[in-house]
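These notes concern the structure reproduced below.
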Amino acid sequence: MRQFLDVKDRHPDAIVFFRLGDFYEMFFEDAVVAAGLLDLTLTSRDKGKVDAVPMCGVPHHAARGYVARLTELGHKVVICEQVEDPKAAKGLVRRDVVRIVTPGVVVDEEALDPKAARYVAALVVGPTPAAVPAQPAGRAGRASAAPAGPAEPAWGLAYLDVTTGEFRATELASAGAASDELARVAPREVLTDGAALDPGGAAAPGTAVRRYRAAWGPVEVPELDGAVAALELALAAPVAALAAERPLAIRAAAAVLAYARATQPAGALPVARLAVYAPGATMLLDEAAIANLELCQTLVGGRRQGSLLDVLDETATSPGARLLRRWLLYPLTERAAIRARLDAVEDLVAAGELRRELRRELRTTSDLERLAGKATLGVAGPRDLGRLRDTLLALPGLAARVASAPRLDGPVPLLDLASVVTPALVALGAALDRALVEQPAALVKDGGFIRPGFDPTVDECRGLADGGKDAIAAIETRERERTGIASLKVRYNRVFGYYIEITKSQLSRVPDGYLRKQTVAGGERFVTPELAELEAKVLAAQDTLASREAELHHALVAEVAAHCEGLMAAGAAVATVDVCVTLADVAERRGWTRPTVDDGVVLDIKDGRHPVIEALAPAGSFVPNDARLDADREQVVLVTGPNMAGKSTFMRQVAHIVVLAQMGSFVPAAAASIGVCDRVFTRVGATDNLARGDSTSMVEMRETAAILAGATRRSLVILDEVGRGTSTFDGVSIAWAVAEYLHDAIGARTLFATHYHELVALADDRPRVHNVSARVREQGGEVVFLRRIVPGAASRSYGIDVARLAGLPRSVIARARDILARLEGDGGASSGRRLAAHPPAQLSLLAGALGAETAGRGAAPPGPPAAPAASVEPGAAAVLARLRGLDLDRTTPIAALTALSEMRALLR
Ligand code: ADP
Ligand code: MG
């Protein structure tokens, strides 16, 4: 018990699995918690006593499943083993912590998704830099993203996959950006020193980071000097230069590394390199865009099927699957790098049959990254070494085959496997092959995995053991003859070793010299001195054999671990080939084409299709559409049309094509020319966005504000019915102001679907605003959605048209038109024009004028205050103060609207 309390003292936040014989036992609070979660029977030590200790246990051979369940539920498990042979120990067997399993640090292959990295992350907050305004929206935020003054980062994020040694760190300028990057990285465990989560914390700039769904825990974050020293020691590489540039990233990296280290007291981590990156070096995709575009999972239900990743992921290997996901979530922005990927894919598209052979070969390769990781962590078994050997032996052939693919346009560095298949790795493969049998056992204790002829001791022991067993087997025949007992059997069990069994009826014929050992139901068991002597020989030989095999295994694992870096590099190269082969396969099968990518601000897509919807629809039924956006001309494109006409699909397919192109993939279009986008924003109005439960306009406004703060002239902005979460007139106002701001101030290429028809008039007023619409047609009294996006705005009364097509009585339709005309005040589409002529602020007057008519719609806006505010309204003074405090030169339309709504709240 003292041993246990010792361990528990050091790990108060974890559940301790304490090895006692064949069981792992849990005690006290741990037992109560685990029994509940794992459905175990809670018993107690010293039953009956007042201070009985609650306990429960699991058999050691079944432990991994229980450990996995606890960590999936967010718990930390400390594995405490007997570290002495119980037979050799004097007194109490010494026990110690051999491994800590946490949600983010799992090394058990069976508990890991082979297709996803398992990250543990650390998040560090720096002092609030002056450059980052407290308010996320606003010009200052945008200015900080401009090249002139680099943003002073305030958040450091580092993450580590201990199974592969992937180790990255970055810095982010705001809590929102930190949240977005967390969502993209998707760590299972996030560690912070507390400041990051303190909403009112002095260190937190603006709002605190939104709680990303993971297990959150505390970590000690070292000061910069300590962090540099620790990392330089661990990586055997200088990091001082990085530290000067990105101190918070370095501190986060040191924190997460130290944490992961502590979980593996018995083994090293396979970490060799820290990659520090700037999020801006790749396309920025924030949390909302990743969710709305359904890149990795669907919006409703969170399923992988139906996501873009699901359409793409036909990778043959798990490292390939992990890399593909990374390519998808981190599209490139550098033209040359994008082209390098496209070149590789194009070569492989042209490779045809060769590509199919490559796939077959790739499928037989094992996960080099995770196998090398297991060796370094000291948890690789003989079977793992065998799989590593098989893959290493196959690599030269694979490299040669990749090299034989046609090169359309000179060498393709991405497909150069030969340079990573080094002589050292080939030699390692050969060494493993000399040592190991064809199909080694999973565990060292199963034995028999060393190839005959490799090691004299192993051969000799096997000879002795086999000889002994033969001699024992011979005893059976001989004794049967000698005693005349035909049913005499020589048997073996773990308790008694070898014995002779005689059935009851034959007991009278037992010869002298048989020593009785045990009586069982059917007869008796005997030993003889000869049998005992042979048995001792066999056991001694087997003992020596087992320890020799373990020794050899240990040496092989160490040799593999020594090649960790080379193996990781080879694994990464194989993964790259796999991803390129996959993208080529998908491109060929789905009829995708190579996009051209340039540094311009045009987006020109001919006959684009939605990659996921097309894949799910009957062949040939998807209607392709052109799309053109141009920051200099058709910058803001308003998409109108009735519900179900295909607006959302059209806009998302444009975003998908951009993401695909910049990740280096072919795209679902007849032709596509992409001026590189630095960020893709996608917002879906509240009613369309059921899954995220964002029913309040506040969330929508905040998200929209984030776009206006973050978008640049190089961005792609997709707004789908934004403003819907609010009352009608608020909605129109917001949509209007946002569209204007995107046009006037930002210049980002924008697709904007809206059911606020008033907006189409913007095209008359703003040079770079264009209208397109999704067409519908009547056919035999039925509404037919043509799914064609055509130039020009949809008809003002398309809702009523659809109602008519749907067969509503003629009188109802007529009445609807009548009401519509009255709502518009003057019976025509000119209300939109009138809006265009006046700033959106006047909408509130309009709202007041129409308030009575719209009251029946349920969400009618209140009219303007009926009486002079100063005399009657208690909040008036506060409103006046707020008004005076507004710096109109620095107030965006959205900020103004927010201020308006706050002021109205003050009056209530
Ligand atoms: P909206 O946003 O205008 O309400 P959606 O984009 O949600 O319409 O599309 C409605 C339905 O029409 C979707 O279920 C989609 O599968 C289908 N659809 C949309 N565009 C196309 C197209 N180009 N070809 C075939 N089907 C389409
Ligand atoms: Mg829609």
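Counting convention: from 1, in listed order, for ligands and their atoms alike.
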Would you mind running through ligand 1 and noting each atom that sits below 4.0 Å from a heavy atom of [X]?
X: Pro642; answer: 3 (O)
X: Asn643; answer: 4 (O)
X: Gly646; answer: 1 (P), 3 (O), 5 (P), 6 (O), 8 (O), 9 (O), 19 (C), 20 (N)

| task | Determine, using heavy atoms of Ala645 and all atoms of ligand 1, whether some pair is separated by less than 4.0 Å. | result | yes
| Got a salt bridge between Glu740 and Arg766, using NZ or NE/NH1/NH2 to carboxylate O under 4.0 Å? | yes
| query | Does the pair Arg359/Asp585 count as a salt bridge with the N-to-O cut at 4.0 Å? | reply | yes
| message | Parallel, tilted or perpendicular: which one describes the rings of His610 and Phe622, with boundaries at 30° and 60°? | response |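 The arrangement is tilted - the two ring planes meet at 30° to 60°.
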| message | If you define the side chain from C-beta out and look only at heavy atoms, does anything of Glu346 sit under 4.5 Å from Phe666? | response | yes
Any nitrogen or oxygen of [X], main chain or side chain, under 3.5 Å from a nitrogen or oxygen of ligand 1?
X: Pro624; value: no
X: Thr649; value: yes
X: Val623; value: yes

| The one among Asn625, Ile613, Val612 that brings a heavy atom closest to atom 16 (O) of ligand 1 | Ile613
| task | For the Mg ion (ligand 2), decide whether Ser648 has an N, O or S atom at a distance under 2.8 Å. | result | yes
| Whether Gln653 side chain and Gly608 backbone form a donor-acceptor pair below 3.5 Å |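 Yes, because the side chain of Gln653 sits within donor-acceptor range (under 3.5 Å) of the backbone of Gly608.
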| task | Please identify each residue that fulfils salt bridge (Lys or Arg N to Asp or Glu O under 4.0 Å) with Asp343, with sequence neighbours left out. | result |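 Per chain and number, Asp343 pairs via salt bridge (Lys or Arg N to Asp or Glu O under 4.0 Å) with Arg594.
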| task | Quick one: list whatever passes salt bridge (Lys or Arg N to Asp or Glu O under 4.0 Å) with Asp607, sequence neighbours left out. | result |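 In terms of salt bridge (Lys or Arg N to Asp or Glu O under 4.0 Å), with neighbours along the sequence ignored, Asp607 is linked to no residue.
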